[in-house]
S.K.: 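My questions will all concern the structure given below.
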Number of protein chains: 2
Amino acid sequence: MDIMKKTASRASAPHMPPLLAQSAFELFADNGFANVNLDQVAGRAGVTKGSLYWHFKNKKELILAACQHYYRQWHTDVQAVTAPPTDPPERLRRTITFSVDSCIIDQRNRLFTTGIFMLMQEDGDVRASWTRFYGSVREFYVGLVTAAQSAEAVSHRDARRDVDLMLEAMEGLKLRAGFEPHIAKPSERQAIVEGLLGIFQLGTSGRGDSPRRPRTVRGTVPAGKQR
Amino acid sequence: MDIMKKTASRASAPHMPPLLAQSAFELFADNGFANVNLDQVAGRAGVTKGSLYWHFKNKKELILAACQHYYRQWHTDVQAVTAPPTDPPERLRRTITFSVDSCIIDQRNRLFTTGIFMLMQEDGDVRASWTRFYGSVREFYVGLVTAAQSAEAVSHRDARRDVDLMLEAMEGLKLRAGFEPHIAKPSERQAIVEGLLGIFQLGTSGRGDSPRRPRTVRGTVPAGKQR
DNA sequence: TTACGGCCATACTGTACCGTATAGTATGGC
DNA sequence: GCCATACTATACGGTACAGTATGGCCGTAA
């Protein structure tokens with residue numbers, strides 16, 4: 001039969017474990033954790049289950065590795081978005097825009113994180129893993145927000161609380177995008193970004209194009225109230 | 001052997017289907033959809049799988065019935081909260097407080113809805129079912145909010161958008177409560193309610209007790225800006 | 001050349017569980 | 001007294017899949 005199929009590409013593989021983790025992530029994100037078996041994961045990586053079990057103790061460890069893959073990806077993506085040198089408010093806007101697009105458009109992102117939330121309920125390790133990630137995301141956003149706010153000389157609000165509220169809304173958005181696909185329209189996405197930015201009560205900021213809704217009137221807040 | 005075990009309580013049962021649906025909801029909410037088999041559901045209702053399959057075509061129909069049970073429960077609970085005659089802003093506050101408590105404290109609520117979001121990704125019927133429910137919840141809140149806003153004579157904002165943002169934040173809250181349990185503290189819950197109410201830019205409203213954070217300064221919004 | 005250890009494939013075991021087949025029981029109509 | 005209908009119990013087929021047992025290949029070092 002089909003012997004010697006691909007003995008060539010042996011040993012040159014980029015160190016199986018990360019490749020398996022990536023394959024696992026892609027399959028999990030496309031089909032959900034419960035609907036993927038280890039034969040498929042191994043197959044996608046070009047090996048079989050025997051070798052998968054050489055690198056990972058069990059399915060749970062593979063899942064955790066897939067999570068790490070996802071976390072790393074997120075950080076590098078956001079790094080790329082915030083890299084270009086701009087002023088802090090614009091960086092905040094870009095990051096939020098990127099995140100909103102990820103939540104709404106990137107179905108893999110949606111399905112994968114939903115699955116994690118499900119697993120979290122019944123596995124402490126997954127929960128701990130996600131908790132660390134969420135913490136890093138929050139700190140990242142807090143940094144962005146405080147920078148943006150101090151740039152406007154209004155830092156009277158609790159940035160951490162605001163960031164939490166925004167992140168909650170983003171997670172909810174992810175879920176809602178699953179059953180109300182019409183929010184994927186560009187105009188809707190734009191409005192949603194404005195809504196989230198509104199949480200921080202920053203001025204309309206950045207570009208000159210007029211904001212889409214009158215909501216951002218908030219920017220003008222009575223001064224002299226800093227704590 | 002054990003004959004005549006419980007012939008007494010036969011036939012007096014409250015018409016199996018709803019009882020099975022409730023049993024299914026409880027088990028699903030406690031253990032997740034994937035970790036419950038039909039023997040357990042039937043057992044909890046005092047029957048066996050054979051009779052379960054008499055009433056329901058398959059597991060999916062049972063799940064949909066459990067969803068209906070959940071929806072009904074939510075509506076009656078909220079009805080109970082908003083029933084006592086108070087002014088609209090206070091009714092809004094009470095409803096949000098109730099919802100936040102449900103999201104954070106009621107673990108069954110959390111696990112069940114998370115499971116639904118997972119199933120939604122792969123089943124159109126579940127998705128349609130949830131979409132209907134979400135629509136009814138949104139309309140309910142829009143009614144509350146417009147009533148509350150017109151009571152304060154400021155209706156310049158898009159209530160539907162605000163409600164969507166708030167509901168998204170609530171769903172996110174539900175998820176976050178799963179891995180950051182410290183937000184179950186009463187003071188935190190109170191702050192979260194204030195944050196959500198802040199979305200609607202209403203005054204601090206209702207009772208005389210001072211709000212917990214300076215955030216609600218928002219209430220004083222420059223007048224004369226209605227569209 | 002041999003020996004060995006890292007890596008992988010194949011074949012298999014064990015288990016969980018959905019769905020079904022079928023036998024049995026209560027109840028009401030005729 | 002007979003039968004139909006509604007409902008319940010038990011047992012099992014089929015399947016999907018996690019995890020294991022075992023042996024082969026290949027590079028490296030003695």
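Convention: sequence-line order gives letters A, B, ...; per-chain numbering from 1.
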S.K.: Please pick, from C/dG19, C/dC7, C/dT10, the nucleotide with the shortest atom-to-atom distance to any side-chain atom of A/Thr48.
M.R.: C/dT10
S.K.: On DNA chain D, does the nearest nucleotide to A/Phe33 precede the nearest nucleotide to A/Gly50 from the 5' side, or the other way round? Give the residue.
M.R.: A/Phe33
S.K.: Taking all non-hydrogen atoms of both residues into account, name the closest pair between B/Ile183 and B/Glu188 and its distance.
M.R.: O-CB, 3.6 Å
S.K.: Find the distance A/Leu52:CG to C/dT10:P and express it as a whole number of Å.
M.R.: 15 Å
S.K.: Take atom CD of B/Glu61 and atom C1' of C/dC18, then tell me their distance rounded to the nearest Å.
M.R.: 15 Å
S.K.: Looking at C/dC7, I'd like to know if its phosphate oxygens (OP1 or OP2) sit under 4.0 Å from a side-chain N or O belonging to A/His15.
M.R.: no
S.K.: What integer distance in Å separates A/Trp54:CH2 from D/dC25:P?
M.R.: 18 Å
S.K.: Determine, for nucleotides 12-17 of chain C in 5'-to-3' order, which nucleotides have protein heavy atoms under 4.0 Å from the base (write B), from only the sugar-phosphate (write S), or from neither (write -).
M.R.: -----S
S.K.: Please state whether the phosphate of D/dT8, meaning OP1 or OP2, lies under 4.0 angstrom from any side-chain nitrogen or oxygen of B/His55.
M.R.: yes
S.K.: Taking the minimum atom-to-atom distance to the side chain of B/Asn58, which one of C/dG19, C/dC7, D/dA18 wins?
M.R.: C/dG19
S.K.: Whole angstrom is fine here: how far is it from CZ in A/Phe56 over to P in D/dC17?
M.R.: 20 Å
S.K.: Would you say that more than 12 heavy atoms from the other residues, nucleotides or ligands in this model lie under 6.0 Å from the CD of A/Gln107, or not?
M.R.: no
S.K.: Can you name the side-chain hydrogen bond (donor to acceptor under 3.5 Å, both in side chains) partners of A/Arg132, sequence neighbours left out?
M.R.: none
S.K.: Given that both distances must come in under 3.5 Å, which nucleotide forms a Watson-Crick or G-U wobble pair with D/dT20?
M.R.: C/dA11
S.K.: Is the distance between the ring centroids of B/Phe117 and A/Phe117 under 6.0 Å?
M.R.: no
S.K.: Please identify each residue that fulfils side-chain hydrogen bond (donor to acceptor under 3.5 Å, both in side chains) with A/Asn58, with sequence neighbours left out.
M.R.: none
S.K.: Go through it in stages, so that I can follow the logic: the residues are B/Tyr141 and B/Ser99, the test is side-chain hydrogen bond (donor to acceptor under 3.5 Å, both in side chains), and I'd like the CA-CA distance, side-chain angles, deciding distance and then a yes or no.
M.R.: CA-CA 11 Å; B/Tyr141 266 109; B/Ser99 292; 2.8 Å; yes
S.K.: Apply side-chain hydrogen bond (donor to acceptor under 3.5 Å, both in side chains) to A/Ser129 and A/Tyr71, showing your working.
M.R.: CA-CA 10 Å; A/Ser129 163; A/Tyr71 305 155; 2.9 Å; yes
S.K.: Let's see if you can work this out: which of D/dA18, C/dC18, D/dT8 has an atom nearest to the side-chain heavy atoms of B/Tyr53?
M.R.: C/dC18
